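Worksheet for the structure shown next.
Since this is a predicted model, take the numbers as computed values, not measurements. Starting from 1, each residue takes its place in the sequence as its number.
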Amino acid sequence: MFTKAFRVKSNTAIKGSDRRKLRADVAAAFPTLGTDQVTALVPGKEELNIVKLYAHRGDAVTAYVCGGNPILFELEKNLYPTVYTLWSYPDLLPTFTTWPLVLEKLVGGADLMLPGLVVPPAGLPQVQKGDLCAIALAGNRAPVAVGVAAMSTAEMLTSGLKGRGFSVLHTYQDHLWRSGDKSSPPSLAPPALDAPDVNEEKGSVQADPALQGDMRRLTLEGEDKENGEVRQQMCGEKSLSEAVEDPGARGLNPDPTDSKTLQEQMDELLQRCFLHALKCQVKKADLPLLTSTFLGSYMFSCCPEGRQLDIKKSSYKKLSKFLQHMQQEQMIQVEELSRGVESIVAVDWRHPRKGSVLEGGEVRTIIINYAKKNDLVDADNKNLVKLDPILCDCVLEKNEQHTVVKLPWDSLLTRCLERLQPAYRVTFPGQEPIVKKGKICPIDITLAQRASNKKVTVVRNLEAYGLDPCSVAAVLQQRCQASTTVTPAPGAKDSLQVQVQGNQIHHLSRLLLEDYQLPRKYIQGLEKAPKPSKKK
């Protein structure tokens, strides 16, 4: 509703009688709040304003603003809390959990689909269709969105957690949130929930044995983290390659057999959340980025389920000291843009600690192992793969997200490979391999016509293969007994081309294939060599 800017019709201070009426409406709408809590939410003396506005779709909304932050909004005579209020009262509404990966979609105006839910061991909260609900991210109980249930909990389980689950009205980072102080969600540890009591006859879900079976199945799917294994979804947006490649990922979950101290484990968690946030969430357009915002909006959301990021328990003690250490490793650059306020102004996106190069075969192996590990291979047709939220975000277009639920293996692999940044690696004896983004251009050999109908041989793109054009020109001059020149290559920045008089492709072929031992597939134009004359 507030994904785009709204138009304010009026902004007036609330009257005493209206303040009392609002307090009564809050108590009626949210009976779990005590009298003192209602009074704290709608104070008697602090400034409280009524803002009447029109959302971008034309909906007439009344917002109540206290202390500069919108605390409630009213739509069609229904009262809803904002995320600012839910951060103070996180248990005000039934709360459902989704992956950090999904937040960007919700902020963009999407509704929450059931495949994106995280099912806790105690099961989903019990709600009916039309009930007001809060949505939080895995690893942090602080809600980030407010929505209305599109179906009851029993219907969600009956559907196999497929379809639209919640109509989202308001989210953290939308324009209603921006009208406040733009603070970030606090870090609230998830509650310690007990396993559901199967003997308790409460609600239709517990009474139906079939639904109990669905609940047990959903619970077991999340229990692999207790064995020290980190599932792909637990890292939210973590890439498929990281989930398999990172041997230290198991350290994200507390392990009683781990010989590391709690401080060492927190240091490791802090660095992993930092790297994950830089790699998967921060974009160049976000810079400069307040360090406090980076911690609250980016690093906390990268904390895996069941863990709580607490810098005070690390060896750094303070965020500024940790970021200073990261700056010494030349990963980021931090500056004090205003007095007492630090911001991240630059990021080394190519830093070795932020990723590694994968070959096509490795990518295929990672995807296949991920699908098998998470039971995504279709039981009825082994050629199809079921798409979980991670794969949906990786391979589907926006118009496919709610319609495509399975893909053939070849299509899944092709789509994944197409979305990866192409790169190439050139290895020279006794040197570290050179890795560059993009696709490597082959050595290009062409024939050109010059004055007096003379032919010349032109060679381009030698530098990509570690060859010095001037050295190549000197060798060709001796072997061909012909004049050579080295000039800037047209349309190519900082690249040179070698020009040899006459058709010298035979000499070039022997030089490149035999002397320099370059693979033939990286050389184009060898077929233009002069054909041997026929003997009479």
Exercise for the section: State, yes or no, whether a side-chain contact exists between P81 and F30 at a heavy-atom distance under 4.5 Å. Expected result: yes

Problem - Polar side-chain atom of N140 near backbone of L137 as donor-acceptor pair, under 3.5 Å - result: no

Handout entry: Heavy atoms of other groups near K317 NZ, more than 12 under 6.0 Å
Key = yes

Exercise for the section: Check for a donor-acceptor pair, side chain of Y84 on one end and backbone N or O of K182 on the other, with a separation under 3.5 Å. Expected result: yes

Practice task
Would you confirm whether T293, through its side chain, and L289, through its main-chain N or O, come within 3.5 Å as a donor-acceptor pair?
Solution key: no

Handout entry: K321/E342 ion pair, N-O < 4.0 Å
Key = no

Handout entry: Sidechain-backbone polar pair: N374 side chain, L376 backbone, donor-acceptor under 3.5 Å
Key = no

Handout entry: Donor-acceptor pair, side chain of D131 and main chain of Q128, under 3.5 angstrom
Key = yes

Handout entry: Check: T414 side chain, S411 main-chain N or O, donor-acceptor pair, under 3.5 Å
Key = no

Exercise for the section: Please indicate whether Q330 has more than 12 foreign heavy atoms, meaning atoms of other residues, nucleotides or ligands, lying under 6.0 Å from its CD. Expected result: no

Handout entry: side-chain contact (heavy atoms from CB on, under 4.5 Å) between M113 and R164, intermediate numbers included
Key = CA-CA 4 Å; M113 308 303 288; R164 185 167 63 94; 4.0 Å; yes

Exercise for the section: Nearest 0.5 Å please: distance from the OG atom of S315 over to the CZ atom of F322. Expected result: 9.5 Å

Handout entry: Centroid separation Y316 to H325 less than 6.0 Å
Key = yes

Exercise for the section: Report yes if some heavy atom in the side chain of L417 is under 4.5 Å from a heavy atom in the side chain of R364; otherwise report no. Expected result: yes

If you look only at distance, which donor and acceptor atoms sit under 3.5 Å apart when one is on a side chain in residues 516-526 and the other is two or more places apart or in another chain?
| unit_1 | atom_1 | unit_2 | atom_2 | d |
| --- | --- | --- | --- | --- |
| Q524 | NE2 | D444 | OD1 | 2.9 |

Practice task
Identify which one of L112, V102, T95 satisfies the side chain to side chain contact (heavy atoms under 4.5 Å, CB included) criterion when paired with I135.
Solution key: L112

Practice task
Take L124 and V119 through the side-chain contact (heavy atoms from CB on, under 4.5 Å) test and state the conclusion after the steps.
Solution key: CA-CA 6 Å; L124 299 175; V119 181; 4.2 Å; yes

Handout entry: Flag side-chain contact, heavy atom, 4.5 Å: V377 against W409
Key = yes

Practice task
Identify whether the distance between the nearest side-chain nitrogen and carboxylate oxygen of E104 and K283 falls below 4.0 Å.
Solution key: yes

Practice task
Kindly indicate, with the supporting measurements, whether the criterion side-chain contact (heavy atoms from CB on, under 4.5 Å) is fulfilled by K386 and D375.
Solution key: CA-CA 9 Å; K386 296 177 288 186; D375 297 325; 5.7 Å; no

Exercise for the section: Give a yes or no on this: more than 12 heavy atoms of other residues, nucleotides or ligands lie within 6.0 Å of atom CZ of R57. Expected result: no

Completion exercise
One should read off an interatomic distance between L117 CG and T98 OG1, to the nearest 0.5 angstrom, of 6.5 Å

Handout entry: Main-chain N/O of P442 paired with N461 side-chain donor or acceptor, under 3.5 Å
Key = yes

Practice task
Mark yes or no for whether D111, through its side chain, and V168, through its backbone, hold a donor-acceptor pair below 3.5 Å.
Solution key: yes

Practice task
Spell out, as yes or no, whether a donor-acceptor pair under 3.5 Å connects the side chain of R415 to the backbone of L396.
Solution key: no

